[in-house]
There are 2 protein chains.
Amino acid sequence: MPASPAKSPSIKEHDPAPKTGASRRRAGRPAAAVLDLAGITAAALRLIGKNGYDGLTMAALARSLHVAPSALYNHVESKRDVLLLVEDHLAALVDVTAFAAEPWESAVRKWAWSYRDVFAEHTPLIPVIAVLPVTDAPQTLAMYETVSAGFRTAGFPAERIVSAIVALESFIFGSAYDVTAPADIFESGRMAESTPSFTGAVRSLAAQGHEKPADEAFSLGLEALIVGFGALRK
Amino acid sequence: MPASPAKSPSIKEHDPAPKTGASRRRAGRPAAAVLDLAGITAAALRLIGKNGYDGLTMAALARSLHVAPSALYNHVESKRDVLLLVEDHLAALVDVTAFAAEPWESAVRKWAWSYRDVFAEHTPLIPVIAVLPVTDAPQTLAMYETVSAGFRTAGFPAERIVSAIVALESFIFGSAYDVTAPADIFESGRMAESTPSFTGAVRSLAAQGHEKPADEAFSLGLEALIVGFGALRK
DNA sequence: ACTACTAAATGAATATCATTCATTTAGTAG
DNA sequence: CTACTAAATGAATGATATTCATTTAGTAGT
């Protein structure tokens, strides 16, 4: 059962500000570059927003940029690289501002909800992020930095910070899938009689009439993690 | 951002024991069926075990069964159905026996570790399971039944059981990915100076010299969830 | 034994993708 | 004006899942 090798990508971008002087290129550069990473990222997001991840094909992406599919490969090594660009863009949308101003508990709470909400709309990225070396995603790394600093300031023992963040993140990724699950996911259907405890539990939850069951589960788990981890602080 | 429609599958199986009498088929059945769902499942698992999920193609699956690819479609509606068969087979491997004999805390602990371990080897199934209606997966449903019954017996309020299980499952799925992450996933590399808190936390964890960092995070999160949820019992 | 019926298997398309590569295009530096 | 080069092109290539008309081969009823 060999897992996918998880190769590190090599997204190709060049000096954005070609400084004069020694660091200048030896030969001339064509200025008329139609494509760049920011443009590719924006186009990919536009496409995903309109047609979902099924709509994100290299051909469609190229078409939306008025370019041949092969042109993309001058800027990106594979489709996975495109997904990485999108992922890192989204990481910047996760709200970490509360770590600067609020107590640890509410900062974690806000961060986690925001993180879940962002990636619930982008679950196809989860398998990519989950095993992605942070080196390859600067904005994601920036998010980790802010969160780590918040944990440190709150009195977390240094050697536990990463594990706590990883655990929270795992919970967040899994919960992001739940958001997209169909409403009837727990209908036991024809097997209802043979599963009385589960069927009863499902009915009992349904009787509560929550609009978003996924939010109940997320809240329940998140608060437990916050209380549990909060006890580690010194 | 339309999520994938999550269509319910229709795996085709027929009366395994053709009872004589009124329920008999009108016309004859060819007995020489080379394929059946159990065989397809076993072959898929064999293939995955040998070459990973990349090796699981309909062509390879058919070849391993000495059959034309199109023959599979007499038994299965799509490749997703094959993945469902595999998933449900794996659900039966998750250890729920502790719910019959041990206190709630240790039963949950054993179940969760077992669940994570099984699916850490099969992360490509996670996006499939996470949004899968339980109706389509009898063994998975059986697992839920045992776990629900354990929660009920332990004094859990009925209306919280499903949410608690979902939260645990979310954490488990996310954690299964971690197991497969590369060891250097947190190397901040060139950006180390700009991320002092995070880099420090990573080093501090590394200094502990744990063999499996993913296990540390899983243990930390799981114990927090167990304590937090345990408090809900009456 | 003959016939009708049917599940299941076949083999040949189809369609959709990502990706590769030899070649062309068009800026720029010296 | 020349040399150089990043970037774009267009035409393959190779996987892949899936469809479909057709064939195969059991079985039940007569």
Side-chain angles (χ1 to χ4, degrees), chain A residues 4 7 9-16 18-37 39-40 44 47 51-84 124, chain B residues 4 7 9-16 18-37 39-40 43-44 47 51-84 124 128:
Chain A
S4 320
K7 300 168 279 193
S10 79
I11 298 175
K12 314 149 185 174
E13 186 84 294
H14 307 275
D15 309 338
K19 312 187 184 77
T20 37
S23 80
R24 207 189 304 189
R25 278 241 164 45
R26 267 167 276 164
R29 317 176 43 193
V34 181
L35 295 177
D36 65 354
L37 295 184
I40 292 173
L47 224 47
N51 306 321
Y53 277 83
D54 285 351
L56 182 65
T57 69
M58 295 302 269
L61 184 55
R63 188 163 357 104
S64 84
L65 289 161
H66 309 105
V67 132
S70 48
L72 294 168
Y73 289 86
N74 287 319
H75 302 266
V76 135
E77 218 171 45
S78 68
K79 183 175 178 178
R80 185 167 176 272
D81 280 2
V82 176
L83 295 178
L84 256 47
Chain B
S4 322
K7 298 168 280 194
S10 79
I11 299 173
K12 311 148 185 174
E13 186 85 294
H14 306 276
D15 309 337
K19 314 186 183 77
T20 38
S23 80
R24 207 188 304 184
R25 279 243 166 42
R26 268 168 274 166
R29 316 176 44 194
V34 181
L35 294 177
D36 63 353
L37 295 184
I40 291 172
L47 224 48
N51 306 320
Y53 277 83
D54 285 350
L56 183 65
T57 69
M58 295 302 269
L61 185 55
R63 188 164 355 104
S64 84
L65 290 161
H66 309 103
V67 132
S70 49
L72 293 168
Y73 290 86
N74 286 319
H75 302 266
V76 134
E77 219 171 43
S78 68
K79 182 174 179 179
R80 185 166 176 272
D81 280 3
V82 176
L83 295 177
L84 256 47
V128 177

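Computed from a prediction, not measured in an experiment: that's the story for all the values here.
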* To do: Taking the side chain as every heavy atom from C-beta outward, state whether B:K79 and B:L61 have any atom pair closer than 4.5 Å.
  => no

Rounded to whole Å, the CG-P distance (B:D54 to D:dA15) equals 13 Å

Between B:A43 and B:S64 the two heavy atoms that sit nearest each other are CB-OG, 3.7 Å

| field | Contact check, side chains of A:L65 and A:L72, non-hydrogen atoms, under 4.5 Å | value | yes

Here the distance between atom C1' of C:dT19 and atom CG of A:L61, to the nearest Å, is 14 Å

For B:A44 and B:V82, the nearest pair of non-hydrogen atoms, with its separation, is CB-CG1, 4.0 Å

Sorted by chain and number, sequence neighbours left out, side-chain contact (heavy atoms from CB on, under 4.5 Å) with B:A68 holds for B:S70

When rounded to whole Å, the CG to P distance for the pair A:L56 and C:dC17 reads 11 Å

Exercise for the section: Report yes if a side-chain nitrogen or oxygen of A:H75 is closer than 4.0 Å to either non-bridging phosphate oxygen (OP1 or OP2) of D:dA8; otherwise report no. Expected result: yes

Q. Considering only heavy atoms from C-beta outward, does the side chain of B:V76 approach that of B:L37 to under 4.5 Å?
A. yes

Here the distance between atom P of D:dA11 and atom CE of A:M58, to the nearest Å, is 19 Å

Atom CZ of B:R63 and atom P of C:dA9 are separated, to the nearest Å, by 17 Å

Rounded to whole Å, CD1 of A:I40 lies from C1' of D:dA7 at a distance of 11 Å

Taking every heavy atom of B:A60 against every heavy atom of B:G55, the minimum-distance pair comes out as CB-O, 3.6 Å

Shortest non-hydrogen pair, A:D36 vs A:G39, comes out as OD1-N, 2.9 Å

All heavy atoms of A:S78 vs all of A:Y73, minimum pair found to be CA-CE2, 4.2 Å

DNA chain C in dot-bracket form (Watson-Crick or G-U pairs under 3.5 Å, [ ] crossing, | inter-strand) is ||||||||||||||||||||||||||||||

Atom CG of B:D81 and atom P of D:dA17 are separated, to the nearest Å, by 14 Å

Enumerate the protein-to-nucleotides 10-13 of chain C contacts in which both atoms are nitrogen or oxygen and the separation is below 3.5 Å.
unit_1	atom_1	unit_2	atom_2	d
C:dT10	OP2	B:A68	N	2.5
C:dG11	N7	B:S70	OG	3.3
C:dG11	O6	B:S70	OG	2.5

Rounded to whole Å, NZ of B:K79 lies from C1' of D:dA15 at a distance of 11 Å

